[in-house]
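By convention here, the first residue in the shown sequence is residue 1. The structure displayed is predicted, hence computed values, not measured ones. Values reported hereafter were calculated over all heavy atoms of this structure, with side chains retained and with hydrogens, waters and symmetry mates removed.
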Amino acid sequence: MLLAVRDCVHLGWKLLHHPLYGNFRPHQQPYRSILLEGPPVCAKAGQGAGGLAPDAMSLHLVEEALLVYESGPCLDPDMAPAPLRDACAVLDCELMRLPLLQSGMSEDGLGAFA
């Protein structure tokens, strides 16, 4: 997933929050939602919308997250007990609440996350 996010950043997309939000490491949290703001039209690889360079901060954050994921084991949702998966899914949704609101989603739109 992070490789696809990095590819999007190279095309001009921008991260709307840190990919390692909530201070959970890959071996602790099997779910990791990521919010991106995309350009109106994807450009050629290596260029953002309108030929602009990729957002430097987004690129730095996704590269930093990739290093964390490559450095150790990840918690596979299929290997975690159902109660842990459920709790982690709820936590992931709750941690997405603020970035979604900051990106312009209304409280009414967040009803699906309740």
Side-chain angles (χ1 to χ4, degrees):
M1 174 183 66
L2 286 172
L3 293 174
V5 168
R6 183 182 62 190
D7 291 346
C8 288
V9 169
H10 279 287
L11 291 172
W13 293 67
K14 184 178 177 181
L15 284 171
L16 294 178
H17 67 94
H18 196 293
L20 297 177
Y21 66 87
N23 207 24
F24 289 98
R25 293 297 183 215
H27 69 277
Q28 298 171 311
Q29 170 65 308
Y31 304 113
R32 183 71 56 172
S33 295
I34 294 184
L35 295 175
L36 294 165
E37 178 179 66
V41 177
C42 288
K44 294 183 224 170
Q47 295 182 338
L52 300 174
D55 179 67
M57 180 57 75
S58 294
L59 192 55
H60 170 75
L61 293 175
V62 76
E63 291 287 349
E64 184 178 74
L66 279 165
L67 290 173
V68 169
Y69 270 84
E70 291 170 352
S71 69
C74 295
L75 179 59
D76 184 339
D78 294 332
M79 302 303 288
L84 177 61
R85 286 195 314 267
D86 293 345
C88 288
V90 168
L91 177 62
D92 185 62
C93 285
E94 197 55 38
L95 288 170
M96 287 289 90
R97 185 175 287 284
L98 182 59
L100 285 167
L101 288 171
Q102 289 173 334
S103 70
M105 183 175 266
S106 69
E107 279 287 344
D108 292 339
L110 291 176
F113 290 91

Residues that Ser103 engages under side chain to side chain donor-acceptor pair (under 3.5 Å), provided they are two or more places apart: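 With neighbours one apart ignored, the set is empty.
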Set of side chain to side chain donor-acceptor pair (under 3.5 Å) partners for Glu64, sequence neighbours left out: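 Side chain to side chain donor-acceptor pair (under 3.5 Å) check on Glu64 returns His18.
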I'd like to check the side chain to side chain contact (heavy atoms under 4.5 Å, CB included) partners of [X]; sequence neighbours left out, ordered by chain and number.
X      : value
Leu91  : Phe24, Gln29, Leu95
Ala89  : Tyr31
Leu101 : Arg97, Glu107, Leu110
Leu67  : Glu70

Under 3.5 Å: donor-acceptor pair, side chain of Arg32, backbone of Tyr21: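 At least one qualifying donor-acceptor pair exists.
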Donor-acceptor contact present, side-chain His17 to main-chain Met96, <3.5 Å: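 Not a single qualifying donor-acceptor pair exists.
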Leu2 versus Pro19, closest heavy-atom pair with distance: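 Nearest pair, atom of Leu2 first, then Pro19: CD2-CB, 4.2 Å.
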Smallest separation among heavy atoms of Cys8 and Leu36, with atom names: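 Closest approach of Cys8 to Leu36: CB-CD1, 4.1 Å.
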Sub-4.5 Å side-chain heavy-atom contact between Leu66 and Arg6: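 The answer is yes, as the side chains (C-beta and beyond) meet within the 4.5 Å cut-off.
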Check: Met1 and Ile34 side chains under 4.5 Å, non-hydrogen atoms: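 With C-beta onward as the side chain, the pair touches.
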ILVMFWY cluster membership beyond Leu75 - transitive side-chain contacts under 4.5 angstrom: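 Answer for Leu75: Leu84.
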Which atom pairs, one a donor and one an acceptor, fall under 3.5 Å between side chains of residues 55-63 and the rest of the protein, sequence neighbours left out?
from  : atom 1 : to    : atom 2 : distance (Å)
Asp55 : OD2    : Ser58 : N      : 2.8
Asp55 : OD2    : Ser58 : OG     : 2.6
Ser58 : OG     : Leu15 : N      : 2.9

